[in-house]
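Working notes for the structure below.
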Amino acid sequence: MLTYVAIGAPCGMIMGQTGMEPWMVFALSSTFVTGSGQFMICNLWLAGVPAPSIIASVAAISLRFALYSASIAPHLRGASKRQTLAVAATLTEEAYGISLAKLIEGEDWGPRESFVLNAILIATWGVSCTTGAIVGAVVDVPTAIAAFVCTSLFICLLFSQRRSRGNVVAAVSGAVSVAVCKFLGLANIAVPASVVAGIAIALACDAVFDGRGARDAR
């Protein structure tokens with residue numbers, strides 16, 4: 001909850017700078033469960049990026065929630081469809097990590113506890129974003145500083161990953177793809193294009209090297 005406060009307040013400030021009223025900020029933050037997607041929507045909107053490109057970019061980075069739901073589903077087989085849907089529809093990244101760990105460890109944890117945790121975190125995020133929007137209307141906080149909060153979070157997540165060949169190739173390929181798109185004047189598709197390019201090149205690289213390793217072993 002404390003991390004949601006630290007990240008949600010700057011997000012609310014940026015949302016307020018896009019012209020959203022505090023009640024709008026609360027409504028969006030309480031129903032749109034990917035905080036990074038909210039940062040992306042606001043930053044791209046302020047940068048004048050067309051709506052179709054914003055939708056494509058947010059959809060690309062939100063696909064990970066399908067993987068989250070798929071990985072936690074086997075541990076909820078005893079739950080009803082209504083309970084499973086409630087957990088999946090309110091799943092957040094932090095809640096996913098906590099719930100999955102407790103389900104794997106066999107603790108007294110089920111769909112009810114998972115849903116309650118999801119609801120508490122979503123409420124905390126919504127209140128934090130709304131507070132940030134209210135404070136941002138009174139205190140002038142530069143957009144670049146508030147926006148860098150989300151960027152710094154992903155930098156920390158990047159460096160916390162295992163130093164594998166695929167991860168390095170994906171990061172470098174994504175950065176190069178953004179630079180190339182901007183150089184060619186294709187800034188509108190730079191973000192979704194870099195995501196696709198980074199993943200595709202990393203998978204191809206792993207497939208090539210894994211194939212060579214298998215041949216060498218034979």
Side-chain angles (χ1 to χ4, degrees), residues 1-69 72 82-99 114-157 187-192 194-195:
M1 291 172 65
L2 292 177
T3 60
Y4 273 39
V5 173
I7 302 174
C11 184
M13 293 178 184
I14 300 176
M15 295 173 73
Q17 292 178 9
T18 63
M20 297 181 67
E21 298 292 337
W23 70 268
M24 298 178 183
V25 173
F26 182 79
L28 178 60
S29 302
S30 300
T31 55
F32 196 77
V33 294
T34 165
S36 57
Q38 288 182 218
F39 270 102
M40 179 173 286
I41 290 173
C42 298
N43 288 324
L44 294 181
W45 182 266
L46 290 173
V49 176
S53 182
I54 296 177
I55 294 173
S57 300
V58 176
I61 68 170
S62 299
L63 288 175
R64 65 190 186 279
F65 281 93
L67 300 177
Y68 294 161
S69 298
I72 204 173
R82 180 178 299 179
Q83 290 175 321
T84 304
L85 178 61
V87 173
T90 58
L91 195 64
T92 63
E93 292 172 318
E94 290 76 9
Y96 162 76
I98 295 173
S99 293
S114 297
F115 175 74
V116 171
L117 175 64
N118 295 350
I120 291 174
L121 292 182
I122 290 176
T124 303
W125 175 260
V127 172
S128 300
C129 289
T130 305
T131 302
I134 295 174
V135 173
V138 179
V139 180
D140 186 16
V141 179
T143 304
I145 295 178
F148 189 72
V149 171
C150 186
T151 304
S152 63
L153 173 62
F154 277 96
I155 291 175
C156 292
L157 292 175
N188 292 344
I189 63 171
V191 174
S194 67
V195 172

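The CD1 atom of Ile98 sits 8.0 Å away from the OG1 atom of Thr92 when rounded to the nearest 0.5 Å. Put simply, CG on Leu44 and CZ on Phe39 are 13.0 Å apart, with the number rounded to the nearest 0.5 Å. In this structure, Ile72 CD1 and Ser114 OG are separated by 5.0 Å, a value rounded to the nearest 0.5 Å. Note: Tyr4 OH to Leu121 CG = 5.0 Å, rounded to the nearest 0.5 Å. Separation of atoms OG (Ser99) and CZ (Phe115) is listed at 12.0 Å; rounding is to 0.5 Å. Rounding to the nearest 0.5 angstrom, the gap separating the CD1 atom in Ile7 from the CG atom in Leu2 is 11.0 Å.
Between the side chain of Ser69 and the main chain of Ala66, no donor-acceptor pair closer than 3.5 Å is present.
Using a 4.5 Å cut-off on side-chain heavy atoms (C-beta onward), Gln38 and Ile14 make no contact. Residues Gln17 and Cys42 form no side-chain contact, since every pair of their non-hydrogen atoms from C-beta on lies 4.5 Å or further apart.
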- Message: Met15 vs Met24, test: side chain to side chain contact (heavy atoms under 4.5 Å, CB included). Steps then yes/no.
- Response: CA-CA 9 Å; Met15 295 173 73; Met24 298 178 183; over 6 Å; no
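Counting all heavy atoms, side chain and backbone alike, Gly132 lies closest to Met13 at O-CG, 3.2 Å. Val58 approaches Phe32 most closely through the heavy-atom pair CG1-CZ, 3.6 Å. Summarising the geometry of Ile122 relative to Ser29, their closest heavy-atom pair is CG2-O, 4.3 Å, with the distance given to 0.1 Å. Heavy atoms only, all atoms of each residue included: Thr34 and Arg64 are closest at OG1-NH2, 3.2 Å. When all heavy atoms of Val25 and Ala133 are compared, the closest pair comes out as CG2-CB, 3.8 Å. In terms of heavy atoms, Pro10 sits closest to Ala6 at CD-O, 3.1 Å.
There is no side-chain donor-acceptor pair under 3.5 Å between Glu94 and Trp125.
Residue Leu63 qualifies as enclosed at atom CG: its count of foreign heavy atoms under 6.0 Å is above 12.
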